[in-house]
Amino acid sequence: MKQTINFILNGEPVSVEVEPHLTLLQVLRDKLELTGTKEGCGMGECGACTVLLNGKTVNSCIFPALEADGKSVMTIEGLTDGQGHLHPIQKAFIEYGAIQCGFCTPGMVLSAKALLDENTKPTEEEIRHGIAGNLCRCTGYLQIIEAIKAVSGQ
Amino acid sequence: MQDFINIGKRIPKMDAEEKVTGKAVYIPDLKVPGMLYGKILYSPHAHARILRIDTSEAERLPGVRAVLTGYNTPPIKFGFYKDNPPLKANKVRSFRDEVAALAAIDPDIAEEAINLIRVEYEILPAIFDPEEAMKEGAPLIHEEHLGGKEKKPTNVLNLPWRLIAGDVDEARKNSAYVAEDRFKVTWVAHCCLGTSGCVAQFDMKSNLTMYSNTQIPSLAQKDYLDALSAMGLQGKKVRVIKAMIGGGFGSKLDTYAYEYIAILLAHKTRKPVKIIFTREEEFFATSPRQPAIIDIAQGCTKDGKMTFRDIRMTLDNGAYTSWGATTPSVMMMPISSLYKVPNVRYVAKCVYTNNTYSQAMRGYGNPQATFAIDSQIDILAEMAGIDPLDFRLRNANTPGEVTPQNFKINTCGLRECIDVVAQRLDWRQNRGRRDGRGFGMASMIHVGGGARVYKSDGCGTIIKIDDFGTVNVITGATDMGQGAETVIAQIVAEEMGVRVEDVVVTHTDTDICPWDVGAHASRTTFVAGNSARGAAKKVKEQLLEVAAKSLGESPENLDIRDRIVFSKNDPEKKSPLGKILRATHYAAGGKMVMAEYFYDPPNENLDKEFKGNLSVTYAYGTHGVEVEVDKETGQVKILKYIAAHDVGRAINPMLLEGQVYGGATMGIGYALTERLILQNGKVMNPNFLDYKMLTAKDVPNIETIEIETDDPSGPFGAKGIGEPGLVPTAPAIANAIYDAVGVRIKELPITPEKVLAALKEKTNLK
Ligand code: FES
Ligand code: FES
């Protein structure tokens, strides 16, 4: 039995019919064709599927789509403004070489956003903690940490 | 130092915007109209005879379009040894063996259908230890495989790796000190964040298009063509289109069964078929780094000059043979040529077992061998009563040297690397206190100028310039995140006098791109870079020739800067590139400005004795580390990490640092935390919770130091740096642990349990 969910997606209201077993990730990628959110494990262990739900990070691969009803969801596609201007975090990732294969990047950027929204001047420890749920195999994280520091003006 | 405009600059990756906005398209994001979803059924046993497969129920499920088994598919065989059919008939030899596969209209139906396939097996005795597998009477993995002089059935592969230089036995007799140890290394996984996958599609003429994430497009094309031939589709064409690659690290240097299965399903259904691995499949059905048992002896004179190195190695090949079986040829590199050692003997055996089969992973055997060699250097130095720093300096390689494997060492910054690491660690002050804090170092050699593994080590480049002055570089190189397109753009921009922004690099389509042997052996910057530079030189010459006509100046007097062609004599004589191009195209008897260049470095294939100058230049490096070892818990904490590398020249220091950070981080995982646990052939930890790769909380700050030796054969002096970052990591850490608490761990990963056990044994011995 399909159910309808209504939520705010990247600032716009959406209404989608979903099968109750679907995850938010499946709805985003398969129904809404927002493929910027990646699946690295499907088990809540890598953070590639990170989206912001009411401003907080969730692993959308294990998050039931039905529970997004009435909430606000931000995916990587929502981070650039309407004119296609990059968010300062995105700019910093580019500038500091925080991107290699890029598969972890959308999730990593959103975790960084959630962190900085809550704490504008995180310590290095706090940054590392804030992105600890996002695995990256390419970069060794150091340029990512630098990028996040730079955005917070450190 | 020369005045470069684009070389040595920290230029962001060209595709970074696409990736950071989620617009980059990876295989899982790809949809082709009418596409079906493929799914594979694997063996539940390590070794068993297949008695019966019943696919009827799966076939009847609505939405299923085709079900295939090894009994109703053509006899494709793939892999280095051609011992691996994509779907197995008669017998399974490991848990990852593909027994059946199907295609359905959506992934859920495919999943449901795969569970409806019934297979009956007769379990066979299995073998998981390569040393046991070599014994007479051991169960045979491939009964038809014959080996040895007598051509008898055996599990030992017919790949007798053997490198002999000088007289090891004599040198051993004359050595003042001899160390003898057994080291062990185990499986680790690439853990590419993007899982494997492909889309296979046939056109009406039965030509195949593969959307793939391969690191070796031209070679994969050949593999797929062979498969088409086996399917009765001789003379058909294959086009390989690369999507964004979610990490490579060697995992995509071979083609896999799933790719052939997708091809078979697409052919059967006449529809495009997509297969995407789950993370679990990624862990158990792709091929990890080789495990090895390494028996090593090294000796030195009284004053610490190395006399010999003698290594016997047994490699667990697993049930099938990929290119990974050739890692011993790369292991020969550190074995023969890391430090000056006049007498060398190396014998390695690859042995079939019922374990998963291994393959290439960043370093390609080098990290395994270097772990043993450079751990034991510390042991030997201690026997000789020499500071391991001095021991290394005394035996360090030098420019102009010819090593026992006939490597001709060109530029060599090893001494500088060792020195700078010692300096940064304050080595002489700090080392040798055994107070729970310890200092260690280890060095590495790797090919720096490509490697002639295949008959060719070449790469082609085409450059054309359009009407508006945009420089289109079409290269054989593959970018899988390391930044090949950016480095190539920098090289072309520098050579031609244009800006990096004016360069567009195309590298994703075998119908368009020139030939190349793939992204391996850290060769892309060097080989594809030299190729691009060659093409840029040629195209610039053409350009100046046509510009000369329109500007009324001789070509020698012209140059390009910032997309303006100008006369070096008369600043008034100048014209924008685009204008010159348009004038050339729109003229009667017009001309196209375009050049191609094929670069194949003067690298040599190894001869019958496995000797020869494999690479025109070699990359050296030294890592140094300070650790703190908790004697209560066995936990090892890295306090300081220095990675010094002879890079020739850093074309793009930011991307280069990214390679070293990423490599070293992977290396720290190799040293301390990562292990694919196989129990009777079954992968027990196919997930990120139980397979411990480093997180942002675990990685230490790494200081990179680039030693620029400006190699005469490199593009603007550069050497390859893709792999070196993880090669010396494990021995450096092991050596530091020894310095901290006096225990020598000879088996990776160095877990707290192993450290504790060794500490306990040490106190018991006292
Ligand atoms: S894909 Fe969701 S955590 Fe890995
Ligand atoms: S950039 Fe490849 S996984 Fe992070």
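These values consider heavy atoms only, across backbone and side chains, with no hydrogens, waters or symmetry-generated copies. A, B, ... follow the sequence lines: proteins, then strands. Residue 1 opens every chain.
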### Query
Can you find a heavy atom in the side chain of B:V188 that is under 4.5 Å from one in the side chain of B:L676?
no
#### Entry: Modelled atom types, side-chain donor and acceptor of B:K242 and B:S212, under 3.5 Å
no
### Task
Show your working on side-chain hydrogen bond (donor to acceptor under 3.5 Å, both in side chains) between B:Y691 and B:E674 and close with a plain yes or no.
CA-CA 6 Å; B:Y691 184 95; B:E674 292 184 34; 2.6 Å; yes
### Task
Please look at A:L142 and chain B and tell me whether the side chain, the backbone, both or neither of the residue comes under 4.5 angstrom of a heavy atom of that chain.
side chain
### Task
Could you look at A:T139 and say if it's the side chain, the backbone, both or neither that has a heavy atom under 4.5 Å from chain B?
backbone
### Task
For residues B:I245 and A:F103, determine if any side-chain heavy atom of one lies less than 4.5 Å from a side-chain heavy atom of the other.
no
### Summary
Filtered by a 4.5 Å non-hydrogen cutoff, the part of residues 106-123 of chain A contacting chain B is A:P106, A:V109
### Query
Who among A:E95, A:E77, A:R29, A:M43 has the most heavy-atom pairs with chain B under 4.5 Å?
A:R29
### Query
Any chance CZ of B:F283 has more than 12 other-residue heavy atoms, nucleotides or ligands included, within less than 6.0 Å?
yes
### Task
Below 4.5 Å from any heavy atom of chain B, which atoms of A:D30 appear? Answer side chain, backbone, both or neither.
backbone
### Query
Which bit of A:T105 comes within less than 4.5 Å of chain B, counting heavy atoms only: side chain, backbone, both or neither?
side chain
### Task
Name the option with the most non-hydrogen atom pairs under 4.5 Å to chain A; the candidates are B:T21, B:V25, B:I668, B:I11.
B:T21
### Query
In this structure, which one of B:Q659, B:E723, B:H190 forms a side-chain hydrogen bond (donor to acceptor under 3.5 Å, both in side chains) with B:R362?
B:Q659
### Message
Can you tell me which portion of B:E17 sits under 4.5 Å from chain A's heavy atoms? Options are side chain, backbone, both or neither.
### Response
both
### Query
Less than 4.5 Å apart, any side-chain heavy atom of A:I76 and any of B:K23?
no
### Task
Answer yes or no: does atom NZ of B:K31 have more than 12 heavy-atom neighbours from other residues, nucleotides or ligands under 6.0 Å?
yes
### Query
Where does B:K697 contact chain A at under 4.5 Å (heavy atoms): side chain, backbone, both or neither?
both
### Message
For the CD atom on A:E17, are there more than 12 heavy atoms of other groups (residues, nucleotides or ligands in this structure) within a distance under 6.0 Å?
### Response
yes
### Basic-acidic side-chain contact under 4.0 Å: A:E19, A:K2
yes
### Query
Among side-chain atoms of A:N54 and A:S72, is any donor-acceptor pair under 3.5 angstrom?
no
### Query
chain A heavy atoms under 4.5 Å from B:T278: which part of the residue, side chain, backbone, both or neither?
neither
### Message
Does any backbone or side-chain atom of B:I702 lie under 4.5 Å from a heavy atom of chain A? Answer side chain, backbone, both or neither.
### Response
both
### Query
Relative to chain B, which of A:I131, A:I145, A:L135 shows the most heavy atom pairs under 4.5 Å?
A:L135
### Query
Using non-hydrogen atoms only, which part of A:E125 is less than 4.5 Å away from chain B: side chain, backbone, both, or neither?
neither
### Query
Does a donor on one side chain and an acceptor on the other come within less than 3.5 Å for B:T486 and B:N652?
no
### Message
Heavy-atom cut-off 4.5 Å, strictly under: side chain, backbone, both or neither for B:P653 against chain A?
### Response
neither
### Query
Most heavy-atom pairs under 4.5 angstrom with chain B, which of A:Q143, A:H87, A:H129?
A:Q143
